[in-house]
Amino acid sequence: MSLESVRQFFADRAPEIEIIELAESTATVVLAARAHHVEPGQIAKTLSLKVKEQVVLVVTRGDARLDNRKLKETLGAKARMLTTDEVVNWTGHPVGGVCPFGLENPLQVFCDISLKSFDEVLPAAGAIHSAVRISPQYMAELTNAQWVDVCLPA
């Protein structure tokens, strides 16, 4: 269902965006960067976090690391990563295919300013072998994301 829900998301909101499906896995930043012939930073990774009782998604550049202090200050409490089962239950996407599109449940999305280093990024598209090419600004617009600064400096 995951890839199909992303396909439907784009059909409804941005039909000009094409989903790229590859034969090889793009489940990690390194694999995705190699498969799409881009630097790891250009892969937009989506992190699934629980803050108090709220589940949120944080999209960052692929080579960025979260700054726990900034994250806590921005989100108002300490965050923890979801388990694999929680990720699937909340997002509807498998780990390695998580993206802010076509979600199982409505979740608040945050985009880290680190994404603005690129004109185009490649987030997953609901499966471990799919992605889309999209500008960070358009991705934030389509997902009603809030821009935040929660990563360590590159």
Side-chain angles (χ1 to χ4, degrees), residues 2 5-6 9-10 13-14 17 19-20 25-154:
S2 189
S5 68
V6 173
F9 176 92
F10 284 112
R13 292 174 185 83
I17 300 285
I19 295 177
I20 304 162
S25 173
T26 56
T28 68
V29 169
V30 172
L31 290 173
R34 189 177 307 136
H36 292 289
H37 308 289
V38 297
E39 60 183 272
Q42 202 171 348
I43 301 302
K45 65 181 175 186
T46 303
L47 305 172
S48 306
L49 306 171
K50 189 164 192 176
V51 183
K52 295 183 181 176
E53 296 305 311
Q54 182 182 12
V55 173
V56 300
L57 299 179
V58 177
V59 186
T60 72
R61 60 184 280 158
D63 57 0
R65 293 187 50 209
L66 289 175
D67 181 322
N68 289 326
R69 181 189 55 77
K70 285 182 178 180
L71 191 63
K72 185 176 179 180
E73 287 174 3
T74 301
L75 301 181
K78 187 175 179 180
R80 74 161 177 86
M81 298 291 279
L82 296 185
T83 66
T84 300
D85 289 341
E86 288 174 320
V87 168
V88 174
N89 289 336
W90 279 98
T91 68
H93 304 320
V95 171
V98 177
C99 61
F101 318 113
L103 298 167
E104 180 75 21
N105 296 287
L107 299 174
Q108 185 168 10
V109 178
F110 297 95
C111 286
D112 186 74
I113 61 171
S114 63
L115 293 166
K116 292 183 177 183
S117 300
F118 302 100
D119 293 331
E120 183 180 73
V121 294
L122 286 98
I128 63 166
H129 56 80
S130 65
V132 295
R133 290 183 175 268
I134 191 169
S135 75
Q137 192 60 43
Y138 194 31
M139 177 173 59
E141 182 183 316
L142 286 173
T143 61
N144 296 313
Q146 178 182 335
W147 286 102
V148 292
D149 179 6
V150 294
C151 286
L152 294 166

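- Glu120 has its side chain out of reach of Ile134: every pair of non-hydrogen atoms, C-beta onward, lies at least 4.5 Å apart.
- When all heavy atoms of Ser2 and Pro94 are compared, the pair lying nearest together is OG-CD, 3.7 Å.
- Ile20 is listed as a side-chain neighbour of His36, based on a closest heavy-atom distance under 4.5 Å.
- The two residues Val29 and Gly62 come nearest to each other via the heavy atoms CG2-O, 3.6 Å.
- Taking both residues in full, the closest heavy atoms of Ala44 and Leu115 are given as CB-CD2, 3.9 Å, listed atom of the first, atom of the second, then distance.
- A pairwise comparison of heavy atoms in Ala14 and Tyr138 identifies CB-OH, 3.3 Å as the closest pair.
- In this structure, Thr26 contributes its side chain and Ile128 its backbone to a donor-acceptor pair below 3.5 Å.
- The CD atom of Gln137 sits 5.5 Å away from atom CH2 of Trp147, with the distance rounded to the nearest 0.5 Å.
- Counting only heavy atoms from C-beta outward, the side chains of Thr74 and Asp149 never approach each other to under 4.5 Å.
- Within 6.0 Å of atom CG in Asn105, more than 12 heavy atoms from other residues, nucleotides or ligands are found, so the atom counts as buried in its surroundings.
- A side-chain contact (heavy atoms from CB on, under 4.5 Å) with Val132 is found for exactly one of Val121, Leu122, Ile17, namely Ile17.
- Results of the side-chain contact (heavy atoms from CB on, under 4.5 Å) test with Pro100 over Thr143, Asn144, Val58 single out Thr143 as the only residue that passes.
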Candidate pair Val109 and Gln146, rule side chain to side chain contact (heavy atoms under 4.5 Å, CB included), full reasoning = CA-CA 7 Å; Val109 178; Gln146 178 182 335; over 6 Å; no
Apply side chain to side chain contact (heavy atoms under 4.5 Å, CB included) to the pair Glu104 and Thr91, showing each step before the final yes or no.
-> CA-CA 5 Å; Glu104 180 75 21; Thr91 68; 5.8 Å; no
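- Counting only residues at least two apart or in different chains, ring-ring contact (aromatic ring centres under 6.0 Å, His included) contacts with residues 89-113 comprise Phe9-Phe101, Phe10-Phe101.
- Annotation for Ala79 and Val51: closest pair CB-CG2, 3.7 Å, computed over non-hydrogen atoms.
- Scanning for salt bridge (Lys or Arg N to Asp or Glu O under 4.0 Å) contacts around Glu141 gives an empty result, with sequence neighbours left out.
- For Asp67, there are no salt bridge (Lys or Arg N to Asp or Glu O under 4.0 Å) partners, not counting sequence neighbours.
- The main-chain N or O of Asn68 is never found under 3.5 Å from a side-chain atom of Lys78 such that the two would form a donor-acceptor pair.
- Distance check: Leu66 CG to Asp112 CG gives 8.0 Å after rounding to the nearest 0.5 Å.
- At least one donor-acceptor pair under 3.5 Å links the side chain of Ser130 to the backbone N or O of Ala125.
- In this structure, CZ in Arg61 is found 11.0 Å from CD1 in Ile113, a value given to the nearest 0.5 Å.
- Not one N or O on the side chain of Ser5 forms a donor-acceptor pair closer than 3.5 Å with the backbone of Leu103.
- When all heavy atoms of Ala124 and Cys99 are compared, the pair lying nearest together is O-CB, 3.0 Å.
- With rounding to the nearest 0.5 angstrom, the CG atom of Asp63 is 9.5 Å from the SG atom of Cys151.
- The line from OG1 of Thr46 to CE of Met139 is 7.0 Å long, rounded to the nearest 0.5 Å.
- The CG atom of Leu75 sits 10.5 Å away from the NZ atom of Lys52 when rounded to the nearest 0.5 Å.
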